Each structure stands twice: as structure tokens, then as C-alpha cells.
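Here's the structure we're looking at; comments come further down.
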Number of protein chains: 2
Amino acid sequence: MPRRLTLAAAQLGPIQRAEGREVAVGRMVRLMEIAHRRGAEVVVFPELALTTFFPRWYEEDLAAADQWFETAMPSNATAPLFEAARRYGIGFHLGYAEKTPEGRRFNTAIYVHPSGEVVLKYRKVHLPGHAEYAPTRHVQHLEKRYFEVGDLGFPVVRAPVGETQANIGMMICNDRRWPEAWRVLGLQQVELVMLGYNTPSLNMENRGFEAHHLRVFHSHLSIQAGCYQNACFAAGVAKAGVEDGHELFGHSIIVNPQGEIMAQATSWDDELIIADCDLSMCELGRGTIFNFAAHRRPEAYGRITGQVGSVAPPVWSPAHG
Amino acid sequence: MPRRLTLAAAQLGPIQRAEGREVAVGRMVRLMEIAHRRGAEVVVFPELALTTFFPRWYEEDLAAADQWFETAMPSNATAPLFEAARRYGIGFHLGYAEKTPEGRRFNTAIYVHPSGEVVLKYRKVHLPGHAEYAPTRHVQHLEKRYFEVGDLGFPVVRAPVGETQANIGMMICNDRRWPEAWRVLGLQQVELVMLGYNTPSLNMENRGFEAHHLRVFHSHLSIQAGCYQNACFAAGVAKAGVEDGHELFGHSIIVNPQGEIMAQATSWDDELIIADCDLSMCELGRGTIFNFAAHRRPEAYGRITGQVGSVAPPVWSPAHG
């Protein structure tokens, strides 16, 4: 029996460093209103959706970065999102920088029920980049400076979405490139992955081996493979366009359990894309080729949890070389 | 510094049930000769390359299937492959059904050095299909009947290929859809994955949810994602065309560490494709975005080795539903 969800991905154009949260929140409320008019039941916003992607800026003193972090959710600045959710009966996903009462910092995402209650919180596990100022880099990527590794694992919860229920999980940005993250969600029967990202169009560290035009391909490849191999839908939602002088590649997508792209943003600005998702599509893969109970072989996977980095293989030489 | 390998994937057209091994071996020797003329240093042949894809046929008595199995490698029938390797100075990968002296049966692949020595042996871990005759299926897929789960793990070895050295690993067919298999190889710094397959063009069990035209897409998606996420090359090599009345989709590919398809077979017959692979391309991903030591988080991956099948997530309900 079909289980239909009308899902929207709300890409955001750039948010400049000088712009306050009210600018971003105002744009997001407008996108929620459009989503409502188009019949969407859930809206997914990007990673760190309230501010510029600040890990490109170095602060010697961590406290000087506090301006980018939320200490409460909702807050005065973000309350309009929660009000719009109630007004329109829409659930929403939001990425933001979280500072806890204990002073811990995380790259965080939440899914909020139309009632305004937080259904699920996730803190980014795969932090890319580096922790110290890197003088040889053209652009800094200081996520390892500003955030701790997420301490919530990859949680999945079954929750109401629209008129049905879905098993919801989350990833943030770089997580999407790690099949381990997808699989941990898949092992909890995830049906819908909400995934925000901010990814530069140019890899200035490519050493001549990664053509810039492959950047979007790599993002889509990872999301499409993750959906196919775990029989789930995903909304991969970006910030896009030239932010603080640096271009983010956008190209937000909604993907089905066959790995097909159902909708794609093609502007570098605020843009809403929508897809009708039949969650019962997850059952085919889960019951046949990716029936984990029938086919997985964890006894051969020991290295995945048993080691962090890679190890060099043994060397073979011909007997009569 | 570039480390160049001229790599060939030798797709095979169909091998009918009535055809003896000498037919397939003769065709493979011809492909090795072509590969030599074109400057290839390594040739990769498909899974179960010596016979028809026999797991589509049910035998009540396993002993009746012995005709499909090799009890020695090389044997009189396969010796011409080893001779061609020596003659042309080409290493080759071969998939075959193996019956051990103890009577154990495996879906096996080997990589043979031009000297004729076996460098690496792999036995398929992810056996698809089922063990008993399935009366509701249009086509049987009895790999779980005819083969034991491979007992060699996913080994990688550093070995001479052409004028350089490469870290070589293997998968067989359905393994390619499992990111765990790719990652276990990646954790051993694999640079070249040799991967043979036999995959039907039609999924007769698709229940209306998997369009037939997506079958090649799924195969390529899995290989391309595996190469990108583990910074390695792969030769994914098929049998193709109508075999015993059943169509295999072919579309063999060679893929680079950026996930790009470098060469693709487009016939449903014997076809050689070649690519110049610079193995030093593996270093970019391995040293940056997929620097495992810097970025992996095994503490969040426990479910991957800790459970086989999936588990249902907890249910969330609104406080004021």
C-alpha cells in the first residue's frame, strides 16, 4: 500500500557574513509558505542555515566565534520558523551551530514536528578540514576547530510525517561521502535521510587530480549510492552561490531508493524543489537484494570497526623473479 | 610521480550450457592476444568465465553440478590461459567455480602473474539468491545452493603489474553493491579492484518498483561510488548477451579514483576495453578527503559489525498529538 509524503528541499542562496539571522529566517519562512502552497508536508533546510558558512573564517579565540552559535532552539531569532511550522502544519529540518550550556560546540541538525516539538537531533560525526590555521590553504576549512565530533551517533526515529509515518535519520554535509554513515542508518531501517550541506565549487587542494566539474558529481554519486544501497529516500539540501566571495555549488537533490534523482535545484539562490515520495518503495530493496539479515557478512567486515586508518598490504614477489 | 598501468577488461559474450571450456578458453586467449597487441599489461576476465552462469539451473543432487567446477588450476582445459600469459607477458584475472580437495565449493577468482604463479585468490563473500528451488521465481538464482560463503575475507596484496607495483584486491559480482566490501579493501590501501560479474538484464522480482533500465545504472553507481570513496581504480567485467535464453547486461567498465568511467563495453559480445591508469591518482583522495586516519569515526559504526540484519527504530509521538 502506498505511503505518500510530499517532500520539499529548500535550498538557500548565499548568506553573507554581515547578514543577521533575521535575514536567513525571513527567507526560510517565505520558502515554507511556498512549500505549503505547493502541498509539501516536510521541508528540509541546509546545514548551518542561519549564517554564512563560518568555518572558512579563522578566529584565534574560540569565544570570538560565539556569534555564529545558537545557545537556545527555538530562540527569539528562530521562533518564526517554529511559528510557520504550526501555521502551515509542516515539519522542518534545520541545520545550525549549537553551543550547549556546558560550552560544547557541535554542527547540529534537528527535525521539528509541526507542533514545534523537536523529534530528532543529530550532531555531525564526520568533520572535514582542520583545527589550526593552515597558511598554505587558499581557503580555510576549520570545522575541526569549531566543532566537537558529534556524540549522538546516527539516530533514527519513526515519526509522523504528513499523513503517514517515516523512519527518519540525518547526516550533515561530509557525512554523505562516508558509506558507514549510510549503513548505520540503513541498519535502523531508515526511510528518509535529511541531509544539509555547504560545499565549495572549487577544490583548491586538488593537486591537478580532481577536475572541478566533478564536485557535484561526487556529491550526487555519494547520495545516490547511499539511497540505493540502503533502500531509502534522501533530501540533500545545499546553500548555493557566492557567499563571502566563495562559491558553493548548490545542486540540491531529492533521491529515491532506486538511486534516481527525483528533483534537482539548478539555481544558485533560494529554490524549493518538491517530490512525491512513496515510502513503500523502500520495501523492495530491503526485502530482496539488500535484505541485510539474509546477505550481510559482518565476520568479513572486522576492519571497518577494528581500525581507523588504512594499513599497507603484504608484498608479493614472483618465486623466479 | 606517475605510476602507469595499461589495464584491459575483457568482456565475454554468452557461453551456452552445451559449450565446453575449450570454447571459452579459446575466446579468452584471442582476447589476450588482442590485449597484447594494444599494449595491455593486465587483463581482467569475468566471474565464472569458463562456463555458462550455471546457478540459474537447479540440480537436486549437488554432485550433478560438479561438471561446472574446477578441481585444479591450471588444468588441461585452462593451461592455454597460463601459456598466453607467459607468451605475452600479461597478468590475468579469472573467475571460476572452485571445488577443493575436501569437496568444498566456492565462487572464486584469482590473479595470475605473467610467470603463471597465482598472486592472489578470493572467494565470493556476498552470495545472492537462494539455496532451494523457488517455484515462484521466473529464473532461479541458486548461488547460495552451489557455493559456500568465501572464507578468505577480502585480501589485498602488493604485486608487480606491468612495470610498476599495485595494491590489488578483488570482488565478485554482488559484492560490488556492498560498501562494506569496498571499505575493507580501502582499509588495506587497495589501488586496483578486479571485479567480475554476471548480471541479468531483467529483474523479474521487481514488484513494479525497479525499472529494468536502472539495472546497469545500479551496477555502475555501486562501482563508481566504491572507487571514489576508496580512492581506487576498478575493472568491472561482465559476461554479456543471451546465455541459455537469459540476457546478461554486460556494460563492463574501467573506473578511476574520481569515480569516472574511463572505458565502457557497449556490445553484448566478446569485447576488449583498455585504459591507461596512473596509479598515483589514488593518493589525492587517500591523503585528503578520504584520509581515513584523520576522518573516520569507528566509534559511531558499531552496528556495521555488531548486527547482521536491520532493527526497527524507536517510535516518536507528539506530546500533544
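What you see is a predicted model, and the numbers here were worked out from it, not measured in a lab. Just so it is clear: chains get the letters A, B, ... in the order the sequence lines come, proteins before strands, and each one is counted from 1.
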Option that, when pairs with chain A are counted at under 4.5 Å, heavy atom only, ranks first among B/Arg286, B/Arg177, B/Met281: B/Arg177
B/Glu210 with B/Arg215: basic N within carboxylate O range, under 4.0 Å: yes
Contact winner vs chain B - A/Gly169, A/Ser222, A/Gly150, heavy-atom pairs under 4.5 Å: A/Ser222
Proximal component of B/Asn203, with respect to chain A [non-hydrogen, under 4.5 Å]: neither
Contact leader toward chain A among B/Trp182, B/Tyr228, B/Phe217, B/Phe290, where contacts are heavy-atom pairs under 4.5 Å: B/Tyr228
Segment of A/Asp151 engaging chain B (4.5 angstrom heavy-atom cut-off): neither
Option in A/Val315, A/Leu284, A/Val184 with maximal non-hydrogen atom pairs under 4.5 Å from chain B: A/Leu284
Best-contacting candidate, A/His295, A/Glu260, A/Glu283, A/His126, against chain B by heavy atom pairs under 4.5 angstrom: A/His295
Check: B/Arg176/B/Ser219 side-chain N/O donor and acceptor closer than 3.5 Å: yes
Largest heavy-atom contact set with chain A, pairs under 4.5 Å, which of B/Val156, B/Val311, B/Leu214: B/Val311
Toward chain A, the part of B/Ala211 with a non-hydrogen atom under 4.5 Å: neither
Pick from A/Gln224, A/Gln258, A/His113 with the largest number of heavy-atom pairs that fall under 4.5 Å of chain B: A/Gln258
Carboxylate-amine/guanidinium contact B/Glu180 A/Arg297, below 4.0 Å: no
Leading residue by heavy atom contact count with chain B [cutoff under 4.5 Å; candidates A/His130, A/Lys144, A/Gln165]: A/Lys144
Main-chain N/O of B/Gly309 paired with B/Gln307 side-chain donor or acceptor, under 3.5 Å: yes
Contact class of B/Asn174 relative to chain A, heavy atoms under 4.5 angstrom: side chain
Most chain B-contacting option - heavy-atom pairs closer than 4.5 Å, from A/Ile168, A/Val190, A/Val149, A/Asn291: A/Val149
Partner chain A: residue of B/Thr288, B/Ile289, B/Leu127 with the largest heavy-atom pair count (under 4.5 Å): B/Ile289
Residues B/Tyr122 and B/Asn107: side-chain donor-acceptor under 3.5 angstrom: no
Heavy-atom pair count under 4.5 Å with chain A, highest-scoring of B/Gly129, B/Gly153, B/Pro160, B/Gly302: B/Pro160
Test item: B/Gln140 side-chain N/O and B/Ala134 main-chain N/O as donor-acceptor pair under 3.5 Å: yes
salt_bridge(B/Lys124, B/Glu143) N-O dist < 4.0 Å: yes
Among B/Gln189, B/Arg296, B/Arg183, the one residue meeting side-chain hydrogen bond (donor to acceptor under 3.5 Å, both in side chains) with A/Ser310: B/Gln189
Closest non-hydrogen atom pair, B/Ser280 against B/Met1: CB-O, 3.5 Å
Pi-cation contact, A/Phe106 with A/Arg123 (under 6.0 Å, within 45°): yes
Engaged part of B/Tyr301 at the chain A interface, taking heavy atoms whose separation is under 4.5 Å: both
Under 4.5 Å from a heavy atom of chain A, the part of B/Pro314 involved: both
SB check B/Glu163 B/Arg3 (cutoff 4.0 Å): no
